[in-house]
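Please see the structure below; I have some questions.
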Amino acid sequence: MNYALKASALALTLGLATTASPAWADFWSDAGAKFKGVTLHGVTESTPPSNYIRNVLAPEFEKKTGIKVDIETTSWDQMYDKAIKDMEAKTGIYDMVYIEQDIIYSYLARNFLVDITKTLKEQPDLKAPTYDDANFTSFADYFKDSSGDLFGVPMEAFLKAYLYRKDLFDDPKIKEAFKKETGKDLKPATTHAEYTEIADFFTKYGKDNGMELWGTTAQAHTGHPASWYEFFESIAPTFGVYNWGIDAKNNYAATVEHGGAMNGDKAKAALKYWLHLRDIAPPESTQSTWTETATTFAAGRVAQGLIYGENAAWIASDPAQSKVVGQVGFALPPLEPGVLDDAKAGKGYIGYYDGGAFGVPVTSKNKEASLLFLEFIGQNEVQPDWAIAAPRITNKATFDDPKVKEMDVKLGGFYTMLKDDGKLFAGAPPYPFHAQVREATAPIFYDILTGNIGPDEGLDQMAGKAEEELTSLGYRK
Amino acid sequence: MHSQKLGWLLLSPTIVILGLFGIFPFIYVLWVSFHSWNPFAANPGMVFNWAENYRRLVFDPQFLASLGITLTFVFFAVVSELVLGYILAQALLKDFPGKAVFRTIHTLPLIMAPIIVGSVWKLMTTPSIGIIPYLLRSWFGYDLNIGQSAVAAFTVTVIMDIWHWTPLVTLSLIAALVSLPSDPFEQAQIDGAGKSQIFWHITLPLIRPALLATVFIRLMDALRTVDEVLMLTGGGPGSSTRYIGVHIFREVFPKTNYGYGSAISVIVLYLTIVVCWLLYVGLIAPRVKRG
């Protein structure tokens, strides 16, 4: 009797458990049933968040749905090349493409992408109960069209923040030397003048003491777009030059003569400030792209720098790759007066909010199965572990997860900054001609970096070239 | 008649492959080169614009500069590879201890993908971590920074190309040298000819066809160098290593300027054919005629 009661109770418990707890798991197996045997092909840039998708989320999705996911991780150039050619030629090789924040407007202009919001509304059977657009942070706004429909599920988002070495900034001997030299207390800079002063001090300090130490990083490659981006996305905005100095509302004017700001006084001051930093940065800076500045910082070769947040986790917490574990402080980039007020008022921004999403090309042969996968990676449930493995947060709930909070402490408050100050940063301007203007003006920019053209004259030429390119593309009338 | 039919039958797979992957793409590129076409323009469609892209080429300072530095690069790289390849081929014909190991090591660069070669050389030349700047600084007090110095960047790209492709020249010339008849050399020695005379009057004329075939191959490859240089310098500093292949890559892929990029590609193909034809007419054809 007692045995029968126990067995019944156990059966009841098991029954309840199987019907209640994995309700969402059933959705995946049911939804995936009709796509059994399908293999989805995706292409993305090889970054920690993308690698997590390939190595962890794709196998999990396959286990739950039976849909195989083959994610190709490649270089930034190759990723664009492959995705654009596939969508342009309508070959339908890829079912999912990585959409970097700066290319989304070009893709939307060409109607390359499936409208996720609309499709899920029209096909409610595809809608996972655990997926909701409303869970995303404001970063998802960059992947919406003017009517608010979503075209990409955000999968990585990070700020380009000001990183400094706490061990150096807190060292009593260094603090005293800084005070003696400048008459000021050593603390993270809030203005460009302060940043330059600190950078100059540390470069000199390193030289005087025979140390491999410099005052700042500089993403100043003389033949790679990374340097162009550092200037237009990270430096110029801190001087109040937004959207590359191109005024979309004024017939895409770039030159001061026509109402643009690409060659304005603020842009010229910003460039001279940055060129000085480049000159006192480590020698590898002229070959540094977004990754190499992080490597330089992690190697303990600089006291401070602007670093892409995708590298924050390993710099701050991985002793196998970083010599400055536990010593990394995060702060907002140094600014000119008025820029922070602009950002708070929504009229400007103080730095780059970088990241990307996964979208489905309209040419995909497996749109519905691809949308299922996008919903899968967009759920709150998969976010915390992903945020630990790669420092990215795209869903609001992720911030409150205990594991993520613990990681935030290790990262010196990087996630808190993302949560509290993310709104002060901005992604790329909504231009459909992103790469075209960059490539047209970049050779002149590289000539400025080598000293073949002066910064003032160079920016004048770049603004003129930008307008010429926009006219040739038919955007500027 | 029967054998002719069989011949065509056997050739047909090659003709189909050549048509699909050689002739059709070429005709397509030629067709695109007469259009204005940028998928991200306000009007993304293809618009026939006669020879506007070709007219633009003639006045494009960036294209002309790219062409100039490419020809300089090709000259230094190919000449150095020929000289070095010949010396190594002669050396490898002789027996010396460790010859097999040396020959294997010498041939290794050939099997490396250009993108890997570019990555390895980038690592070796990065100022803070690269072995080359470290050694140059330790031995000669010279700070190598290919991100700053145009001359240094150009020189490193030439050296990288020599390192990568000299083994090909060596292997071709070994094959040519071992197949030479011994009679002319013995006769020359009996007549008292010196080493230099034997080289200029016997060896060189006899290996001329193999040498020119190698030159053609290297010339064509060097004219379209892209991946190695893109990885090493990105075309910089400034535009100092923006060789024509890199220039085309930038125009066609990131800038998606398909029409203009196609026109440059057609012109580069035309120039390659002209250079090879000039070499053939100048060095091979007269001998064939005399023969």
Side-chain angles (χ1 to χ4, degrees), chain A residues 75-78 80-81 84-85 87-88 103 105-107 109-110 112 212 214 220-227 282-289 292 295-296 299 301 431-440 442-453 469-470 472-477, chain B residues 36-45 47 56 61-62 65-66 115 119 122-123 125-130 133 137 143-150 152-153 157 226-227 229-242 246-247 249-261:
Chain A
S75 72
W76 181 73
D77 287 337
Q78 284 290 307
Y80 273 147
D81 179 29
I84 291 173
K85 272 200 234 163
M87 294 187 289
E88 174 68 26
I103 199 80
Y105 306 104
S106 303
Y107 288 0
R110 291 298 315 277
F112 276 166
E212 288 281 303
W214 285 265
H221 197 296
T222 46
H224 190 284
S227 52
E284 68 266 28
S285 299
T286 50
Q287 285 173 271
S288 288
T289 68
E292 285 87 4
T295 316
T296 292
R301 292 169 62 79
Y431 299 150
F433 45 73
H434 189 111
Q436 289 68 32
V437 167
R438 184 197 74 219
E439 284 299 319
I444 306 168
F445 188 70
Y446 302 146
D447 278 340
I448 297 173
L449 298 187
T450 57
N452 285 341
I453 312 174
E469 183 68 14
L470 287 166
S472 151
L473 290 168
Y475 292 101
R476 183 173 162 79
K477 307 293 175 200
Chain B
S36 152
W37 182 24
N38 191 322
F40 295 111
N43 173 14
V47 180
R56 194 178 145 195
Q62 209 165 52
S66 280
I115 199 85
S119 307
K122 188 180 177 181
L123 271 176
T125 53
T126 299
S128 56
I129 54 166
R137 195 190 170 99
D143 283 321
L144 176 79
N145 190 333
I146 62 166
Q148 244 169 7
S149 162
T157 57
V226 183
D227 13 19
V229 174
L230 201 65
M231 187 46 99
L232 181 68
T233 64
S239 299
S240 57
T241 57
R242 192 175 166 120
V246 176
H247 185 61
F249 174 85
R250 293 259 180 234
E251 281 292 330
V252 173
F253 297 115
K255 211 170 163 190
T256 55
N257 199 354
Y258 295 156
Y260 189 51

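These numbers were taken from a predicted model, which means no experiment stands behind them. Throughout, a chain's letter reflects where its sequence line sits, starting with A, and its residues are numbered from 1. Heavy atoms only: backbone and side chains are in, while hydrogens, waters and symmetry mates are out.
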Please give me the minimum heavy-atom distance between A:Gly474 and B:Ala42, naming the atom from each residue.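 Nearest pair, atom of A:Gly474 first, then B:Ala42: O-CB, 3.4 Å.
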Between A:Thr222 and B:Gln148, is there a side-chain donor-acceptor contact under 3.5 Å, judged purely by atom types and distance?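 On atom types as modelled, these side chains do not qualify, holding no pair under 3.5 Å.
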Of the listed residues (B:Ser239, B:Pro127, B:Gly236, B:Gly234), which shares the most heavy-atom pairs with chain A below a 4.5 Å separation?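 Counting heavy-atom pairs under 4.5 Å, the top option is B:Pro127.
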Is B:Phe40 close to chain A through its backbone or its side chain, or both, or neither, when contacts mean heavy atoms under 4.5 Å?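 For B:Phe40, backbone and side chain are both near chain A.
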Angle class for the A:Tyr431/A:Phe433 ring planes (parallel below 30°, perpendicular above 60°, tilted otherwise)?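 Judged by the thresholds at 30° and 60°, the geometry between A:Tyr431 and A:Phe433 is parallel.
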Testing the 3.5 Å rule here: is there a donor-acceptor pair between the side chains of A:Thr289 and A:Glu292?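 Present: a donor and an acceptor within the cut-off.
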Measuring heavy-atom distances to chain A, does B:Thr233 have an atom under 4.5 Å in its side chain, in its backbone, in both, or in neither?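 For B:Thr233, backbone heavy atoms alone lie under 4.5 Å from chain A.
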Shorter than 4.5 Å, heavy atoms on both sides: which option in A:Lys85, A:Glu469, A:Gln287, A:Arg301 has the most such pairs with chain B?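 Max contact count across the listed options: A:Gln287.
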Can you say whether B:Gln62 sits under 4.5 Å from chain A via the side chain, the backbone, both, or neither, judging by heavy atoms?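 Interface part for B:Gln62: side chain.
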Find the one option among A:Ala109, A:Ser106, A:Ala435, A:Ala220 whose heavy-atom pairs under 4.5 Å with chain B are most numerous.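 That would be A:Ser106.
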Determine the option with the most heavy-atom pairs under 4.5 angstrom with chain A, choosing from B:Ile146, B:Ile129, B:Asn257, B:Asp143.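 That would be B:Ile146.
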A:Pro282 versus chain B, heavy atoms under 4.5 Å apart: side chain, backbone, both or neither?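 Answer is neither: A:Pro282 stays 4.5 Å or more from chain B.
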Part of A:Glu284 lying under 4.5 Å from any heavy atom of chain B: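 Both parts, heavy atoms under 4.5 Å.
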Without swapping roles, check the side chain of B:Ser149 against the backbone of B:Asn145 for a donor-acceptor pair under 3.5 Å.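 No; judged by distance alone, with no hydrogens or angles, the pair does not exist.
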Quick one: does A:Leu449's side chain get under 4.5 Å of A:Ser227's, heavy atoms only?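 Sidechains of A:Ser227 and A:Leu449: in contact.
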Shortest non-hydrogen contact between A:Glu439 and B:Pro254, atoms and distance: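 Smallest heavy-atom distance, with atoms named: CG-CB, 3.5 Å.
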Heavy-atom proximity to chain A below 4.5 Å, by part of B:Asn43: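 Contact with chain A involves the backbone of B:Asn43 alone.
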Among A:Phe445, A:Tyr446, A:Tyr80, residue most engaged with chain B (heavy-atom pairs, under 4.5 Å):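 Of the options given, most contacts go to A:Tyr446.
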For A:Ile84, is it the side chain, the backbone, both or neither that has a heavy atom under 4.5 Å from a heavy atom of chain B?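 Answer is side chain: those atoms of A:Ile84 sit under 4.5 Å from chain B.
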Would you sort out whether B:Trp37 and B:Val47 count as a side-chain contact (heavy atoms from CB on, under 4.5 Å), showing the intermediate values? CA-CA 6 Å; B:Trp37 182 24; B:Val47 180; over 6 Å; no
For A:Tyr105, is it the side chain, the backbone, both or neither that has a heavy atom under 4.5 Å from a heavy atom of chain B?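 Neither part.
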Which bit of A:Thr450 comes within less than 4.5 Å of chain B, counting heavy atoms only: side chain, backbone, both or neither?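 Just its side chain gets close to chain B.
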Chi angles and distances behind the side chain to side chain donor-acceptor pair (under 3.5 Å) call for B:Thr241, B:Thr157: CA-CA 8 Å; B:Thr241 57; B:Thr157 57; over 6 Å; no
Using 0.5 Å steps for rounding, measure from the CE atom of A:Met87 to the OH atom of A:Tyr107.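 It is 4.0 Å, given to the nearest 0.5 Å.
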Which bit of A:Tyr475 comes within less than 4.5 Å of chain B, counting heavy atoms only: side chain, backbone, both or neither?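 Both backbone and side chain of A:Tyr475 come within 4.5 Å of chain B.
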Given that the side chain runs from C-beta out, which part of A:Asn452 has a heavy atom under 4.5 Å from chain B: side chain, backbone, both or neither?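 Neither part.
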